[in-house]
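Read the structure below first, then the notes.
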Amino acid sequence: MASWQRTHTCGSLRETHIGQTVTLNGWVNTFRAYNDQIFLDLRDRYGITQVVVEADQPEIFKLAAEARSEWVLSISGQVRERIIDGKQKHNTKLSTGAIEILASEVRVLNRCPTPPFEVNWVPQENQVFVDAELANEDLRLQYRFLDLRRPTLQRMLMMRHRLNKVIRDNLDVQGFLEMETPLLGRSSPEGARDYLVPSRVSIGSWYALPQSPQLYKQILMVAGYDKYFQIARCLRDEDLRADRQPEFTQLDVEMSFVEQDDIFRVIENLTVDIFKRCLGIDIPLPLPRLKYADVMLKYGSDKPDLRYGLEIVEVTDDFSQPDVAFTAFFEQIQAGGRVRALNAKGALAKLSNKDQKELEDVARRGGAKGLGQAKVRDDQVQAPFWKHLPAAVQESLLKKLDAKPGDLLLFVADKEGTVCQSLGMLRQHLASVLKLYDPNALDYKIAWVCDFPSFIWDDEEKRWAANHHPFTAPMDEDLDKLESDPGSVKAKAYDLIINGYECGGGSIRIHNPDVQSRLFKVLGMSEEQAKSRFGFLLDALKFGAPPHGGIALGLDRWAMMLARTTNIRDVIAFPKNQKARDLMTGAPAPVDAKQKKELGL
RNA sequence: GGGGACGUAGCUCAAUUGGUUAGAGCACCGGCCUGUCACGCCGGAGGUUGCGGGUUCGAGCCCCGUCGUCCUCGCCA
């Protein structure tokens with residue numbers, strides 16, 4: 001008796017194999033049973049092959065008749081063309097559809113109870129498989145081993161493999177070394193909440209799991225490994241989102257003797273390679289470089305989706321005119337605020353009254369107290385405040401906003417940050433409801449955002465905080481203003497954005513211990529505090545640190561982009577839910593009293 | 001920590017807005033069928049409407065609480 005092990009996969013057999021005796025291993029995708037004949041569609045990750053079992057072989061026919069969805073079978077038999085009475089019966093939905101296996105051997109490798117939800121692959125005319133109807137995500141996460149059999153999840157995880165492979169190939173060619181850094185490290189107070197691990201051999205002391213390999217990679221630069229990368233797991237104990245997991249993966253890159261442009265070149269080279277080899281798309285270089293201040297003004301976000309225009313227009317000057325008799329906006333301006341607007345082109349016809357009402361909720365979610373809406377009609381503009389505006393201002397606004405009949409103009413007056421946030425959210429919302437882009441198209445708008453401010457004012461703590469992180473170098477020309485005017489200091493920091501997602505971020509680091517000390521001082525950190533927290537880094541910087549800098553790409557988000565999903569859990573084999581729980585394993589879970597005692601808890 | 005949506009058969013969803021015995025498709029079980037291919041046809045089984053309380057003659061539907069899931073704001077250097 002021949003081995004049960006496969007000679008081919010379920011996606012590999014073609015007309016050229018006709019006549020061969022083969023063995024396939026796989027899961028029962030679907031079955032169609034007659035009295036005297038059974039069709040089994042056998043599935044593995046390569047595809048589906050139809051198996052026919054005839055009643056003239058009673059032993060195997062009986063076995064096949066028992067088989068159900070998701071049983072694991074080994075089928076041996078002859079490959080034959082699907083042809084009946086001289087007529088071809090090919091199934092064009094399957095790449096293996098010209099042939100089938102006439103079973104001479106059926107072995108049940110494992111049985112399976114009726115699955116809690118259907119995971120069978122559904123063939124389509126274009127020979128692509130789609131999912132059966134999706135069950136609730138929590139149920140699917142609980143039975144992740146079944147969910148992972150779905151064709152779309154398999155495709156997305158294979159895409160992720162391709163992404164990792166391209167990264168390793170590309171960076172190797174560019175001369176980078178892949179190096180590992182510790183998971184058990186030291187807590188650093190800046191930034192996100194740490195996941196902590198108690199030490200058994202040093203009761204009362206704790207490790208922290210890394211939020212990123214940031215400090216280690218800088219030390220590697222000091223050590224002379226001038227081109228480093230790592231596909232690194234990072235952990236942050238913060239609340240989750242559709243695009244955020246507590247543990248996530250970064251492509252961590254660091255280089256010595258570089259400035260911003262060098263980092264851009266390396267990552268642009270990699271980006272082109274990734275999109276070419278993962279999707280067959282050509283990304284034109286160089287990537288656009290946008291200034292932080294400009295994108296905040298035009299798009300109300302530091303990670304704008306550039307697939308559509310819909311730019312925000314500054315109209316503070318118009319509402320500041322002395323003869324404007326509209327006090328609500330004027331009061332905001334008096335208080336130092338701004339008035340900005342969006343033109344939702346053609347929205348009057350495209351949006352229902354309910355849709356238009358919802359815009360106000362969106363603006364409120366962004367922090368605005370209200371939303372000024374002006375409907376541009378053929379003969380007039382409908383808005384409560386419009387009549388309070390002088391004709392010249394009306395004309396100026398219509399011109400600046402390029403207003404045409406059928407347009408809906410949306411105004412927000414507030415503090416600058418609030419105006420940006422609410423109009424930024426409105427812009428995103430409008431693009432979606434007005435269908436300004438096709439979410440299913442292979443349309444990628446990638447850009448750098450740079451010229452970030454070094455510091456932002458933390459209103460709660462009443463101090464300056466690092467916008468990026470405290471090792472980010474200020475622009476050379478701003479070094480003088482470090483103490484006198486921290487708010488105006490710009491950083492050598494940059495983000496990489498794709499379709500509205502922040503997919504990477506990095507900076508040139510401070511390699512001069514004096515500058516590093518000055519920066520800690522601005523952040524309100526004393527010499528002693530800095531020493532106790534980052535002493536090893538400050539030491540290292542003293543021992544001949546080369547100028548260096550780097551970047552980290554959020555690989556989960558890259559995988560989302562490439563796989564065209566908005567759910568990060570789709571590109572992670574074993575993700576956690578929104579409460580950071582693993583519904584399959586039940587983690588986190590209580591531990592034994594004995595375990596706790598050993599750890600001094 | 002705040003806001004929102006959802007929770008009805010194994011799964012996906014209905015239930016004329018508080019009114020008879022809570023329905024359908026898929027899945028499951030049984031029967032029929034030799035060219036199906038997400039086979040088809042006939043039949044069957046399957047429900048503490050997440051849980052607890054309340055209002056009412058009467059609750060899947062209304063109210064309160066609670067648990068769970070997702071989205072979102074804060075947060076995420």
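These values consider heavy atoms only, across backbone and side chains, with no hydrogens, waters or symmetry-generated copies.
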I'd like to check the side-chain contact (heavy atoms from CB on, under 4.5 Å) partners of [X]; sequence neighbours left out, ordered by chain and number.
| X | result |
| --- | --- |
| Tyr216(A) | Thr181(A), Pro182(A) |
| Ser212(A) | Gln214(A), Cys234(A), Arg236(A), Gln250(A) |
| Val128(A) | Asn126(A), Arg155(A) |
| Asp302(A) | Tyr292(A), Met296(A), Phe452(A) |

Sub-6.0 Å ring centroid separation between Trp71(A) and Trp27(A): no

Round to a whole Å and report the spacing from [atom1] of [X] to [atom2] of [N].
| X | N | atom1 | atom2 | result |
| --- | --- | --- | --- | --- |
| Arg364(A) | U72(B) | CZ | C1' | 17 Å |
| Leu141(A) | U69(B) | CG | P | 10 Å |
| Leu583(A) | U69(B) | CG | P | 6 Å |
| Ile38(A) | G35(B) | CD1 | C1' | 14 Å |

Residue matched to [N] through Watson-Crick or wobble contacts both under 3.5 angstrom:
| N | result |
| --- | --- |
| U8(B) | none |
| A14(B) | none |
| G43(B) | C29(B) |
| C51(B) | G65(B) |

Go through [options] for me and flag the one nearest to the [X] side chain.
| X | options | value |
| --- | --- | --- |
| Ala135(A) | U12(B), C70(B), C73(B) | U12(B) |
| Arg32(A) | G35(B), U36(B), A38(B) | U36(B) |
| Gln578(A) | U36(B), C76(B), C71(B) | C71(B) |
| Arg581(A) | A38(B), C76(B), G68(B) | G68(B) |
| Asp36(A) | G74(B), G68(B), U34(B) | U34(B) |
| Tyr34(A) | C73(B), G35(B), C76(B) | G35(B) |
| Leu139(A) | C11(B), C70(B), U36(B) | C11(B) |
| Glu133(A) | G25(B), G35(B), U69(B) | G25(B) |
| Asn577(A) | U36(B), C76(B), U69(B) | U69(B) |
| Gln37(A) | C71(B), G35(B), A38(B) | G35(B) |

Steps toward side chain to side chain donor-acceptor pair (under 3.5 Å) verdict (Asp252(A), Tyr228(A)): CA-CA 8 Å; Asp252(A) 200 43; Tyr228(A) 141 95; 2.9 Å; yes

Base orientation of U17(B), syn vs anti, 90° cut from 0: syn

Side chain to side chain donor-acceptor pair (under 3.5 Å) evaluation trace for His90(A) with Glu81(A): CA-CA 8 Å; His90(A) 294 190; Glu81(A) 188 177 13; 2.8 Å; yes

Atom OH of Tyr195(A): over 12 foreign heavy atoms under 6.0 Å: yes

Chi angles and distances behind the salt bridge (charged side-chain N to carboxylate O under 4.0 Å, His left out) call for Lys531(A), Glu527(A): CA-CA 6 Å; Lys531(A) 229 174 231 154; Glu527(A) 201 85 14; 5.1 Å; no

Sub-4.0 Å heavy-atom contacts from residues 237-250 of chain A onto RNA chain B, ordered by number: Glu238(A), Asp239(A), Arg241(A), Ala242(A), Arg244(A)

Glu70(A) vs Arg43(A), salt bridge (charged side-chain N to carboxylate O under 4.0 Å, His left out): CA-CA, chis, key distance, verdict: CA-CA 9 Å; Glu70(A) 302 308 312; Arg43(A) 183 195 75 228; 2.9 Å; yes

C11(B) pyrimidine/purine six-ring stacking with Phe117(A), under 5.5 Å and 30°: no

Within the 4.0 Å heavy-atom criterion, would you say [X] contacts the bases, only the backbone, or no part of the nucleic acid?
| X | value |
| --- | --- |
| Arg533(A) | nothing |
| Asn467(A) | sugar-phosphate |
| Asn91(A) | base |

Check whether any side-chain nitrogen or oxygen of [X] sits under 4.0 Å from OP1 or OP2 of [N], and answer yes or no.
| X | N | value |
| --- | --- | --- |
| Lys579(A) | C70(B) | no |
| Asn136(A) | U12(B) | yes |
| Arg557(A) | C76(B) | no |
| Gln421(A) | U72(B) | no |

Under 3.5 Å donor-acceptor pair, Arg140(A) side-chain atoms to U69(B) base atoms: no

Contacts under 3.5 Å, N or O only, protein and nucleotides 26-28 of chain B:
residue	atom	partner	partner atom	Å
C26(B)	O2'	Glu118(A)	OE1	2.9
C26(B)	O2'	Glu118(A)	OE2	3.1
A27(B)	O4'	Glu118(A)	OE2	3.3

Gap in Å between the two C1' atoms, one belonging to G35(B) and one to C71(B), rounded: 48 Å

Side chain to side chain donor-acceptor pair (under 3.5 Å) assessment of Thr152(A) paired with Asp131(A): CA-CA 7 Å; Thr152(A) 51; Asp131(A) 298 323; 2.4 Å; yes

